[in-house]
Amino acid sequence: MILVTGSAGFIGANFVLNWCAQRDETVVSLDKLTYAGNLENLATLKGNPRHLFVQGDIGDAELVAGLLAQYRPRAVVNFAAESHVDRSIHGPEDFIQTNIVGTFHLLEAVRSYWSGLADTEKADFRFLHVSTDEVYGSLAKDEPAFSETHRYEPNSPYSASKAASDHLVRAYHHTYGLPVLTTNCSNNYGPYHFPEKLIPLMIVNALAGRKLPVYGDGQQIRDWLYVVDHCSAIRCVLEKGRPGEVYNVGGWNEKANLDIVHTVCDLLDELRPLPASQSSILDPQSSSYRSLITFVADRPGHDRRYAIDARKIERELGWKPAETFETGIRKTVQWYLDNQDWVNNVLSGNYRQWIEKNYSERA
Ligand code: NAD
Ligand code: TYD
C-alpha cells in the first residue's frame, strides 16, 4: 500500500481518486482537513475497502510513525502543504509550520520506518515530495523555462517554505540515503480546485454575476497543467524515477492571466450564457461574462512569469500530458457547471471571510 498526505486537497484528492480507479493497491490517506481539505472530494470512495482516511497532521510524528508501523507502505507521496500565495502574504506562519516543520517531522518518521525495513524493501521504498515551479522564482519574458538545475530564488513566503522543504528532502537523500523523488510542477487546474485560486474563482464569481478581479495588468504568465496529467506524472515518477532525482512537470501552456480569464468567460458564454438580469452589471452593451472583469491592486512581490521545461521527464521517463489547454479548460468549466452543490458547500463562512480580507483592500 501507499500513504498519501494532503489527500483531501485539490491535487491530492485527484491523485487518490485516479489511483483507486486504476490500481489495486490500497491507499492510506492522511490529511489535517484545514480550510483547503474537503472530505467531499473523496466522497465517491466512501465504503471502498482500498481507501482508508485518517485525519491528522504530517507534523504529528507519533501519529505518522504509528501509521507507518501499522500499514507498512512501500511509498509515501507528500502533497500536504499550505498552498495559497495570497494567504502566505497575509499570514506566513502556517506555511512555515506545515511546509517546513511538518515536512521535517514527516521525513524523520519516514527515515526511522525506512531504516528498519529489510534490504529489498528498503531499496524499493520511495518518498515522493510534490513541489512547485514557484521555488525557482520569476522569469523575464525571453528567459528559457525552468529546468531542474535552475537556481532556487523563491519570492513569496509560500515558495520560500516549499523551497525549504525541497532542500530538506534533498538532504535526507544525500545524508541518510532515503530514496526520495521530488517533482516541481507548474500551475494546476481542474476538478475540485478550491475556488480562491484563479480559474475556479473566476468561474464561481462569473456564475454568481460578481466581478472578476484581475491583479495588476493581468499580464503575468503561468504555465498551466490539467490536474489529471499531474497525477499521471506523479505515478510515472513513482514507478520509474531515479531516487535522489528532481523532475519538472509542466504542460507547455504558458498563458497570461487575462487570457485565462477571457477563455473562462468565453466558455461560460457558450455553455451558460449570462442571464439578461445580470448582463447590465458592468456594461449594459455587453452580454458577455467578460464585462465582469475588473482590474484590482496587484499582489505584493507578484512573480511575473513561470514556465517549466518538462523535457527531462519526457526523455527519461516517457511522460507527456494527455490534455491540451483547450481540452482541459473546457472539461474544467463543465465540471464546475455540473458540480454546483460541491461549490455551494465550499462557500462556507470561513471562505467568505477570506474573500473579504483578500479583496476589500484591492478595490
Ligand atoms: P491544497 O491547498 O488544495 O491542499 C492541501 C491539502 O493539504 C489540504 O487537504 C490540507 O487540509 C492538507 N494539509 C495542510 N496542512 C496539513 C498538515 N499539516 N498535515 C496534513 N495535511 C495538511 O493544495 P494543492 O493545490 O492540492 O497542492 C498540493 C501540493 O502540490 C502542495 O504541496 C503544493 O505546494 C503542490 N503544488 C500545487 C500546485 C497547484 O497549482 N495547486 C502546483 C504545483 C505544486
Ligand atoms: P493563483 O491561482 O493564486 O496561483 P499562483 O499564485 O500559485 O500562481 O494565481 C494565479 C495567477 O492569477 C497569479 O498570477 C495571481 C493571479 N490572480 C488574479 O489575477 N486574481 C485573483 O483573484 C487570483 C486569486 C489570482
Mind checking whether Pro144 and Leu139 have side chains closer than 4.5 Å, heavy atoms only?
-> no

Tyr158 and Asn99 side chains, donor-acceptor separation under 3.5 Å | no

Is the centre of the Tyr172 ring less than 6.0 Å from the centre of the Phe127 ring?
-> no

Are Ser165 and Thr103 close enough that a side-chain donor and a side-chain acceptor fall under 3.5 Å?
-> no

Parallel, tilted or perpendicular, as decided by the 30° and 60° cut-offs, for the rings of Tyr152 and His167 | tilted

Mind telling me whether Phe146 and Tyr306 have parallel, tilted or perpendicular rings, with 30° and 60° as the class edges?
-> tilted

Do Val54 and Val77 share a hydrophobic cluster (ILVMFWY, side-chain heavy atoms under 4.5 Å, transitive)?
-> no

After noting the C-alpha distance and the side-chain angles of Gln22 and Asn18, does the key distance pass the side-chain hydrogen bond (donor to acceptor under 3.5 Å, both in side chains) rule?
-> CA-CA 6 Å; Gln22 294 177 17; Asn18 289 174; 5.3 Å; no

Could you go step by step and tell me if Thr5 and Asn78 meet the side-chain hydrogen bond (donor to acceptor under 3.5 Å, both in side chains) rule?
-> CA-CA 5 Å; Thr5 73; Asn78 181 32; 2.6 Å; yes

With a 4.5 Å limit on heavy-atom distance, are the side chains of Lys32 and Gln55 in contact?
-> no

Is the shortest distance from a Lys or Arg side-chain nitrogen in Arg151 or Glu153 to a carboxylate oxygen in the other one below 4.0 Å?
-> yes

Which atoms form the tightest heavy-atom contact between Leu225 and Asp229, and what is the distance?
-> CD1-CB, 3.8 Å

Of all heavy-atom pairs between Arg305 and Ser138, which one has the smallest distance, and what is that distance?
-> N-OG, 3.4 Å

Could you tell me whether a side-chain N or O of Gln340 sits under 3.5 Å from a main-chain N or O of Tyr336, the two making a donor and an acceptor?
-> yes

Between Arg72 and Tyr113, does a side chain to side chain contact (heavy atoms under 4.5 Å, CB included) hold up when you go through it step by step?
-> CA-CA 8 Å; Arg72 306 191 61 76; Tyr113 162 72; 3.6 Å; yes

Give a yes or no answer on whether the side chain of Arg222 reaches the backbone of Ser186 with a donor-acceptor pair at less than 3.5 Å.
-> no

Please check if the side chain of Trp19 supplies one atom and the backbone of Glu25 the other of a donor-acceptor pair under 3.5 Å.
-> yes

Using the side-chain hydrogen bond (donor to acceptor under 3.5 Å, both in side chains) rule, take His129 and Thr183 through it: C-alpha gap first, then chi angles, then the decisive distance, then the call.
-> CA-CA 6 Å; His129 180 61; Thr183 54; over 6 Å; no

Quick one: are Leu30 and Ser7 in side-chain contact, heavy atoms under 4.5 Å?
-> no

Passes side-chain hydrogen bond (donor to acceptor under 3.5 Å, both in side chains), Tyr136 versus Asn248? Steps please.
-> CA-CA 11 Å; Tyr136 299 122; Asn248 282 359; 2.9 Å; yes

Check against side chain to side chain contact (heavy atoms under 4.5 Å, CB included), Ile11 and His230 = CA-CA 8 Å; Ile11 308 174; His230 186 189; 3.7 Å; yes

Over-ring placement of Arg111 relative to Trp114, 6.0 Å and 45° cut-offs = no

Looking only at atom types and distance, does a side-chain atom of Ser112 sit under 3.5 Å from a main-chain N or O of Glu108, one as donor and one as acceptor?
-> no

CG on Leu106 to OG1 on Thr98, rounded to 0.5 Å | 11.0 Å

Side-chain donor or acceptor of Asn155 paired with backbone N/O of Gly137 under 3.5 Å = no

Taking 4.0 angstrom as the limit, do Asp217 and Arg304 come out as a salt bridge?
-> yes

Using atom types as modelled and distance alone, determine if a side-chain donor or acceptor of Arg210 lies under 3.5 Å from a backbone N or O of Leu207.
-> no

Can you tell me how far CH2 of Trp319 sits from CD of Glu239, rounded to the nearest 0.5 angstrom?
-> 14.5 Å

Take atom CZ in Arg23; do more than 12 heavy atoms of anything else shown fall under 6.0 Å from it?
-> yes

Does Lys211 offer a backbone N or O that forms a donor-acceptor pair with the side chain of Asn205 under 3.5 Å?
-> yes

Say whether, by atom type as modelled, one donor and one acceptor occur between the side chain of Lys357 and the main chain of His90 under 3.5 angstrom.
-> no

Go through the steps for Glu316 and Arg242 under the test salt bridge (Lys or Arg N to Asp or Glu O under 4.0 Å), then give the verdict.
-> CA-CA 10 Å; Glu316 293 189 11; Arg242 285 179 291 131; 2.8 Å; yes

Atom NZ of Lys122: over 12 foreign heavy atoms under 6.0 Å | yes

Return yes if a side-chain donor-acceptor contact under 3.5 Å exists between His51 and Ser29, otherwise no.
-> yes

Check: Asp223 main-chain N/O paired with Glu254 side-chain donor or acceptor under 3.5 Å = no

Taking the six-membered ring for Trp, are the ring centroids of Phe10 and Phe79 within less than 6.0 Å of each other?
-> no

Cut-off 3.5 Å, side chains only: do Thr327 and Thr324 have a donor facing an acceptor?
-> yes

Minimum heavy-atom separation for Gln219 to Ala256, with atom names?
-> OE1-CB, 3.8 Å

Only one of Thr182, Leu181, Leu128 passes side chain to side chain contact (heavy atoms under 4.5 Å, CB included) with Tyr247; say which it is.
-> Leu181

Does the side chain of Ser288 pick up a donor-acceptor pair with the side chain of Ser291 at under 3.5 Å?
-> no

Any side-chain heavy-atom pair of Ile100 and Lys162 under 4.5 Å = no

Do the non-hydrogen side-chain atoms of Ile293 and His262 ever get within less than 4.5 Å of each other?
-> yes

Is it true that the NZ or CZ of Arg87 lies under 6.0 Å from the centre of Tyr35's six-membered ring and within 45 degrees of the ring axis?
-> yes

Quick check: does any side chain N or O of Asn184 sit under 3.5 Å from a backbone N or O of Thr132, one acting as donor and the other as acceptor?
-> yes

Please examine the side chains of Arg299 and Asp86, heavy atoms only from C-beta on, and report whether any two atoms are closer than 4.5 Å.
-> yes

Identify the two heavy atoms, one from Ala310 and one from Trp252, that lie closest to each other, and give their separation to 0.1 Å.
-> N-CZ2, 3.3 Å

